[in-house]
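In this chain, residues are counted from 1 in sequence order.
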Amino acid sequence: MGTADPLGTPIWNTAVTPGIPEWQPSIAVFDQKVLISVGREVDRATHRTEPQGLILDVTTGAVLSEPERIVPGSLSIPDWRVSGPDGTVLYSRHREPLTIPADQADLQLDDDPLSGTQIAAEEIAPGASDRFPIDTVASAAESGETLWSRPGEMPVARLAGRVLTTDGTGRLRGIRESTGALDWSLPTDALFTCPCVGAGSVIAGRTYDRTSSGTSPLIGVDVHTGRQIWELQIAESWQLSMSAGDRFFTAGEGVLTAWEVG
(Lines give C-alpha, C1' and ligand atoms only; values in the text may rest on other atoms or scores of the structure.)
Protein backbone atom coordinates (compact mmCIF):
# COMPACT_ATOMS: atom_id res chain seq x y z
CA MET A 1 0.00 0.00 0.00
CA GLY A 2 1.54 3.33 -1.07
CA THR A 3 2.07 6.33 1.12
CA ALA A 4 0.22 9.55 0.41
CA ASP A 5 1.28 13.06 1.25
CA PRO A 6 -0.61 13.74 4.52
CA LEU A 7 -0.82 17.45 3.68
CA GLY A 8 -2.35 16.91 0.23
CA THR A 9 -1.83 19.33 -2.66
CA PRO A 10 0.02 22.58 -1.84
CA ILE A 11 -2.03 25.76 -2.02
CA TRP A 12 0.87 27.53 -3.77
CA ASN A 13 4.63 27.51 -4.00
CA THR A 14 7.08 30.28 -4.81
CA ALA A 15 10.78 30.00 -5.60
CA VAL A 16 13.02 31.72 -3.05
CA THR A 17 16.72 32.19 -3.79
CA PRO A 18 18.50 30.56 -0.85
CA GLY A 19 20.93 32.40 1.38
CA ILE A 20 24.17 31.24 2.95
CA PRO A 21 23.90 27.85 4.72
CA GLU A 22 24.95 29.27 8.09
CA TRP A 23 21.93 31.63 8.16
CA GLN A 24 18.61 29.89 8.75
CA PRO A 25 15.65 31.49 6.90
CA SER A 26 13.07 33.32 9.02
CA ILE A 27 9.36 33.46 8.10
CA ALA A 28 6.52 35.49 9.60
CA VAL A 29 2.93 36.28 8.59
CA PHE A 30 1.43 39.72 9.15
CA ASP A 31 -2.20 40.02 8.04
CA GLN A 32 -2.13 39.26 4.29
CA LYS A 33 1.65 39.26 3.85
CA VAL A 34 4.30 36.57 4.26
CA LEU A 35 7.76 37.92 5.09
CA ILE A 36 10.82 35.77 4.37
CA SER A 37 14.32 36.77 5.43
CA VAL A 38 17.53 34.99 4.41
CA GLY A 39 21.18 35.94 4.78
CA ARG A 40 22.88 36.64 1.46
CA GLU A 41 26.48 37.49 0.72
CA VAL A 42 26.51 40.95 -0.87
CA ASP A 43 30.30 41.46 -1.01
CA ARG A 44 32.49 38.48 -1.89
CA ALA A 45 35.71 40.30 -1.07
CA THR A 46 34.72 40.98 2.55
CA HIS A 47 32.08 38.20 2.86
CA ARG A 48 29.64 40.84 4.11
CA THR A 49 26.17 39.35 4.58
CA GLU A 50 22.87 41.20 4.60
CA PRO A 51 19.36 40.03 5.58
CA GLN A 52 17.36 40.05 2.35
CA GLY A 53 14.24 38.29 1.16
CA LEU A 54 10.73 38.61 -0.19
CA ILE A 55 7.25 39.80 0.75
CA LEU A 56 4.56 37.48 -0.62
CA ASP A 57 0.78 37.52 -0.81
CA VAL A 58 -0.47 35.05 1.81
CA THR A 59 -3.33 33.84 -0.43
CA THR A 60 -1.61 33.42 -3.79
CA GLY A 61 2.12 33.35 -3.02
CA ALA A 62 2.66 36.18 -5.52
CA VAL A 63 5.79 38.24 -4.90
CA LEU A 64 4.69 41.69 -3.73
CA SER A 65 8.17 43.15 -3.30
CA GLU A 66 11.85 42.32 -2.82
CA PRO A 67 13.09 44.96 -0.34
CA GLU A 68 16.69 46.01 0.21
CA ARG A 69 16.70 44.55 3.73
CA ILE A 70 14.34 42.39 5.78
CA VAL A 71 15.53 42.10 9.37
CA PRO A 72 13.54 39.45 11.24
CA GLY A 73 12.25 40.03 14.73
CA SER A 74 13.88 38.45 17.75
CA LEU A 75 13.12 37.88 21.41
CA SER A 76 14.73 41.20 22.32
CA ILE A 77 13.42 43.24 19.35
CA PRO A 78 10.16 41.59 18.20
CA ASP A 79 9.30 43.93 15.30
CA TRP A 80 10.33 42.92 11.78
CA ARG A 81 12.09 45.74 9.90
CA VAL A 82 11.71 46.08 6.13
CA SER A 83 13.95 48.76 4.64
CA GLY A 84 13.84 50.51 1.26
CA PRO A 85 14.59 53.91 -0.29
CA ASP A 86 11.50 55.50 1.30
CA GLY A 87 12.28 54.39 4.85
CA THR A 88 11.70 51.43 7.13
CA VAL A 89 8.38 49.66 7.73
CA LEU A 90 7.97 48.09 11.16
CA TYR A 91 5.75 45.00 11.24
CA SER A 92 4.29 44.01 14.60
CA ARG A 93 1.62 41.55 15.74
CA HIS A 94 -0.10 44.09 17.99
CA ARG A 95 -0.56 47.07 15.61
CA GLU A 96 -0.72 48.09 11.95
CA PRO A 97 2.55 48.39 9.97
CA LEU A 98 4.33 51.64 10.78
CA THR A 99 6.53 53.48 8.26
CA ILE A 100 9.59 55.29 9.61
CA PRO A 101 10.89 57.97 7.17
CA ALA A 102 14.29 57.39 5.60
CA ASP A 103 15.77 60.35 7.52
CA GLN A 104 14.51 59.05 10.88
CA ALA A 105 16.81 56.85 12.97
CA ASP A 106 15.45 53.37 13.59
CA LEU A 107 15.46 53.70 17.37
CA GLN A 108 15.20 50.55 19.46
CA LEU A 109 12.60 52.27 21.63
CA ASP A 110 10.42 55.11 20.32
CA ASP A 111 7.12 56.14 21.88
CA ASP A 112 6.49 58.82 19.22
CA PRO A 113 7.95 57.65 15.87
CA LEU A 114 5.69 60.00 13.87
CA SER A 115 6.70 63.06 15.89
CA GLY A 116 7.14 66.41 14.18
CA THR A 117 10.78 66.15 15.23
CA GLN A 118 12.82 63.58 13.33
CA ILE A 119 15.86 62.13 15.06
CA ALA A 120 18.72 61.01 12.81
CA ALA A 121 22.06 59.32 13.43
CA GLU A 122 24.57 60.89 11.04
CA GLU A 123 27.99 59.33 10.54
CA ILE A 124 31.03 61.55 10.10
CA ALA A 125 33.84 60.74 7.70
CA PRO A 126 36.46 58.30 9.04
CA GLY A 127 39.44 60.18 10.43
CA ALA A 128 37.63 63.53 10.35
CA SER A 129 37.68 63.69 14.14
CA ASP A 130 39.02 61.72 17.08
CA ARG A 131 35.61 61.72 18.77
CA PHE A 132 32.82 59.17 18.47
CA PRO A 133 31.96 59.16 14.72
CA ILE A 134 28.17 59.61 14.98
CA ASP A 135 26.10 62.76 15.59
CA THR A 136 22.51 62.94 16.80
CA VAL A 137 20.65 65.46 14.62
CA ALA A 138 17.06 66.64 15.12
CA SER A 139 15.14 68.21 12.25
CA ALA A 140 11.60 69.40 11.55
CA ALA A 141 9.65 66.60 9.84
CA GLU A 142 7.82 68.95 7.45
CA SER A 143 10.54 71.38 6.40
CA GLY A 144 13.70 69.39 7.03
CA GLU A 145 15.18 72.33 8.95
CA THR A 146 17.84 71.32 11.45
CA LEU A 147 16.64 72.07 14.99
CA TRP A 148 19.65 70.93 17.02
CA SER A 149 22.52 68.48 17.01
CA ARG A 150 24.60 66.54 19.54
CA PRO A 151 28.09 65.81 18.11
CA GLY A 152 29.67 62.52 19.11
CA GLU A 153 26.43 61.01 20.41
CA MET A 154 24.28 58.20 18.97
CA PRO A 155 20.50 58.13 19.54
CA VAL A 156 19.19 54.89 21.05
CA ALA A 157 15.68 55.76 22.27
CA ARG A 158 12.95 58.40 22.49
CA LEU A 159 10.64 58.34 25.48
CA ALA A 160 8.42 60.88 27.27
CA GLY A 161 9.86 63.90 25.48
CA ARG A 162 13.49 62.87 25.94
CA VAL A 163 15.98 61.51 23.41
CA LEU A 164 18.40 59.04 24.99
CA THR A 165 21.90 59.03 23.50
CA THR A 166 25.16 57.26 24.17
CA ASP A 167 28.74 57.57 22.95
CA GLY A 168 31.91 55.53 22.71
CA THR A 169 32.15 55.35 26.50
CA GLY A 170 28.64 53.93 26.91
CA ARG A 171 27.49 56.93 28.97
CA LEU A 172 23.71 57.36 28.70
CA ARG A 173 22.44 60.93 28.34
CA GLY A 174 18.96 62.41 28.59
CA ILE A 175 18.40 65.09 25.93
CA ARG A 176 15.34 67.33 25.79
CA GLU A 177 13.63 66.58 22.47
CA SER A 178 12.30 70.12 22.02
CA THR A 179 15.62 71.94 22.46
CA GLY A 180 18.50 69.46 22.40
CA ALA A 181 19.56 70.55 25.87
CA LEU A 182 21.31 68.04 28.14
CA ASP A 183 19.20 67.23 31.20
CA TRP A 184 21.41 64.54 32.75
CA SER A 185 24.01 61.85 32.11
CA LEU A 186 24.86 58.61 33.87
CA PRO A 187 28.35 58.05 35.32
CA THR A 188 31.02 56.93 32.85
CA ASP A 189 31.73 53.77 34.85
CA ALA A 190 28.24 52.40 34.07
CA LEU A 191 28.02 51.14 30.48
CA PHE A 192 24.31 51.25 29.57
CA THR A 193 23.30 48.94 26.73
CA CYS A 194 20.18 48.14 24.75
CA PRO A 195 17.86 46.42 23.73
CA CYS A 196 15.73 48.73 25.84
CA VAL A 197 12.13 48.72 26.93
CA GLY A 198 10.18 51.64 28.35
CA ALA A 199 6.96 52.53 30.09
CA GLY A 200 5.76 55.98 31.09
CA SER A 201 8.97 57.86 31.83
CA VAL A 202 11.14 54.87 32.79
CA ILE A 203 13.65 53.23 30.45
CA ALA A 204 15.18 49.86 31.31
CA GLY A 205 18.42 48.41 30.00
CA ARG A 206 21.47 46.40 30.94
CA THR A 207 24.43 48.12 32.57
CA TYR A 208 28.00 46.86 32.95
CA ASP A 209 29.83 48.44 35.87
CA ARG A 210 33.51 48.85 34.98
CA THR A 211 34.44 49.24 38.65
CA SER A 212 32.93 45.90 39.72
CA SER A 213 33.75 42.28 39.07
CA GLY A 214 31.74 41.84 35.91
CA THR A 215 28.23 42.41 37.29
CA SER A 216 25.60 43.43 34.76
CA PRO A 217 22.33 44.35 36.47
CA LEU A 218 19.22 45.53 34.70
CA ILE A 219 18.30 49.05 35.79
CA GLY A 220 15.30 51.35 35.39
CA VAL A 221 16.07 55.04 34.86
CA ASP A 222 13.71 58.03 35.01
CA VAL A 223 14.24 59.75 31.64
CA HIS A 224 13.34 63.17 33.05
CA THR A 225 15.89 63.19 35.85
CA GLY A 226 18.35 60.36 35.18
CA ARG A 227 17.59 58.96 38.62
CA GLN A 228 17.84 55.18 38.93
CA ILE A 229 14.43 53.87 39.99
CA TRP A 230 15.28 50.21 40.50
CA GLU A 231 17.95 47.59 39.92
CA LEU A 232 17.67 43.87 39.22
CA GLN A 233 20.66 41.56 39.34
CA ILE A 234 20.71 39.25 36.31
CA ALA A 235 22.85 36.11 36.33
CA GLU A 236 25.21 35.90 33.35
CA SER A 237 23.78 32.48 32.49
CA TRP A 238 20.28 33.93 32.13
CA GLN A 239 18.84 35.12 28.85
CA LEU A 240 17.02 38.43 28.79
CA SER A 241 14.08 39.12 26.51
CA MET A 242 12.53 42.57 26.23
CA SER A 243 8.91 42.90 25.15
CA ALA A 244 7.50 45.69 22.99
CA GLY A 245 5.16 46.78 25.75
CA ASP A 246 5.77 47.83 29.35
CA ARG A 247 7.15 44.48 30.52
CA PHE A 248 10.31 42.51 30.15
CA PHE A 249 11.13 38.89 30.81
CA THR A 250 14.05 37.02 32.33
CA ALA A 251 14.62 33.35 31.60
CA GLY A 252 17.03 31.09 33.41
CA GLU A 253 17.43 28.22 35.80
CA GLY A 254 14.16 26.71 34.57
CA VAL A 255 12.07 29.79 35.36
CA LEU A 256 10.50 32.45 33.13
CA THR A 257 9.66 35.65 35.04
CA ALA A 258 7.71 38.72 33.87
CA TRP A 259 8.47 42.16 35.30
CA GLU A 260 6.85 45.59 34.95
CA VAL A 261 9.14 48.45 33.91
CA GLY A 262 7.47 51.43 35.56
Side-chain angles (χ1 to χ4, degrees), residues 77 87-88 90 98-211 217-231 242 244-246 248 261-262:
I77 305 176
T88 298
L90 306 183
L98 179 65
T99 300
I100 306 299
D103 294 335
Q104 167 71 42
D106 184 11
L107 303 175
Q108 295 188 29
L109 169 64
D110 194 345
D111 69 344
D112 193 11
L114 301 182
S115 167
T117 300
Q118 289 188 356
I119 305 298
E122 297 187 357
E123 297 184 12
I124 64 174
S129 173
D130 57 359
R131 63 173 172 78
F132 190 62
I134 295 178
D135 297 344
T136 295
V137 179
S139 60
E142 290 190 3
S143 66
E145 176 189 2
T146 298
L147 303 176
W148 52 263
S149 65
R150 301 285 306 184
E153 299 177 21
M154 178 178 68
V156 295
R158 169 165 43 193
L159 184 66
R162 298 297 184 273
V163 176
L164 291 306
T165 70
T166 186
D167 58 19
T169 69
R171 173 184 288 188
L172 187 69
R173 295 177 172 88
I175 310 300
R176 194 161 300 203
E177 181 183 2
S178 58
T179 64
L182 174 67
D183 278 346
W184 53 266
S185 63
L186 293 185
T188 56
D189 57 5
L191 175 61
F192 187 93
T193 63
C194 285
C196 312
V197 65
S201 61
V202 178
I203 186 172
R206 204 87 174 254
T207 180
Y208 294 82
D209 190 344
R210 294 188 176 95
T211 64
L218 189 77
I219 64 172
V221 176
D222 186 317
V223 299
H224 292 146
T225 65
R227 183 171 66 90
Q228 182 174 315
I229 304 299
W230 50 261
E231 176 178 314
M242 299 293 192
D246 59 357
F248 63 91
V261 175

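Between the Trp184 side chain and the Leu172 main chain, no donor and acceptor come within less than 3.5 Å of each other. Listed for the Thr166 side chain is a donor-acceptor partner under 3.5 Å among the backbone atoms of Arg171. With Asp135 contributing its side chain and Val137 its backbone, the two residues share no donor-acceptor pair below 3.5 Å. Judged by distance alone, with hydrogens and angles left aside, the side-chain atoms of Arg173 form no donor-acceptor pair with the main-chain N or O of Leu182 at under 3.5 Å. Under a 3.5 Å cut-off, the side chain of Arg150 and the backbone N or O of Gly180 do form a donor-acceptor pair.
Arg158 contributes atom CZ, which lies 4.0 Å from atom CG of Asp110 (distance to the nearest 0.5 angstrom). Once rounded to the nearest 0.5 Å, the distance linking CD1 of Ile219 with CD of Gln228 reads 4.5 Å. Taking OG1 of Thr117 as the start and CD of Glu142 as the end, the distance is 11.0 Å to the nearest 0.5 Å.
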> Yes or no on side chain to side chain contact (heavy atoms under 4.5 Å, CB included) for Ile203 and Leu109, after CA distance, side-chain angles and deciding distance?
Replying inline: CA-CA 9 Å; Ile203 186 172; Leu109 169 64; 4.0 Å; yes
> Hey, mind stepping through Ile119 and Gln104 against side chain to side chain contact (heavy atoms under 4.5 Å, CB included) and telling me if it holds?
Replying inline: CA-CA 5 Å; Ile119 305 298; Gln104 167 71 42; 3.9 Å; yes
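Using modelled atom types and a 3.5 Å distance limit, the side chains of Glu177 and Ser115 yield a donor-acceptor pair.
In this structure, Gly144 and Ser139 approach most closely via the heavy-atom pair O-CB, 3.9 Å. Considering every non-hydrogen atom in both Ile134 and Ala121, the closest pair reads CG2-CB, 4.0 Å. Residues Phe132 and Met154 share a closest heavy-atom pair of CE2-CB, 3.7 Å. Nearest approach of Val223 to Arg162, heavy atoms of both residues: O-CG, 3.2 Å. Closest approach of Asp167 to Gly152, counting heavy atoms only: CB-O, 3.3 Å. Asp111 and Ala160 make their closest contact through OD2-N, 2.9 Å (heavy atoms, listed as atom of the first residue, atom of the second, distance).
Taking the charged nitrogens against the carboxylate oxygens, Arg176 and Asp183 do have a contact shorter than 4.0 Å, which makes a salt bridge.
Using a 4.5 Å heavy-atom threshold, the side chains of Ile100 and Leu107 count as separate.
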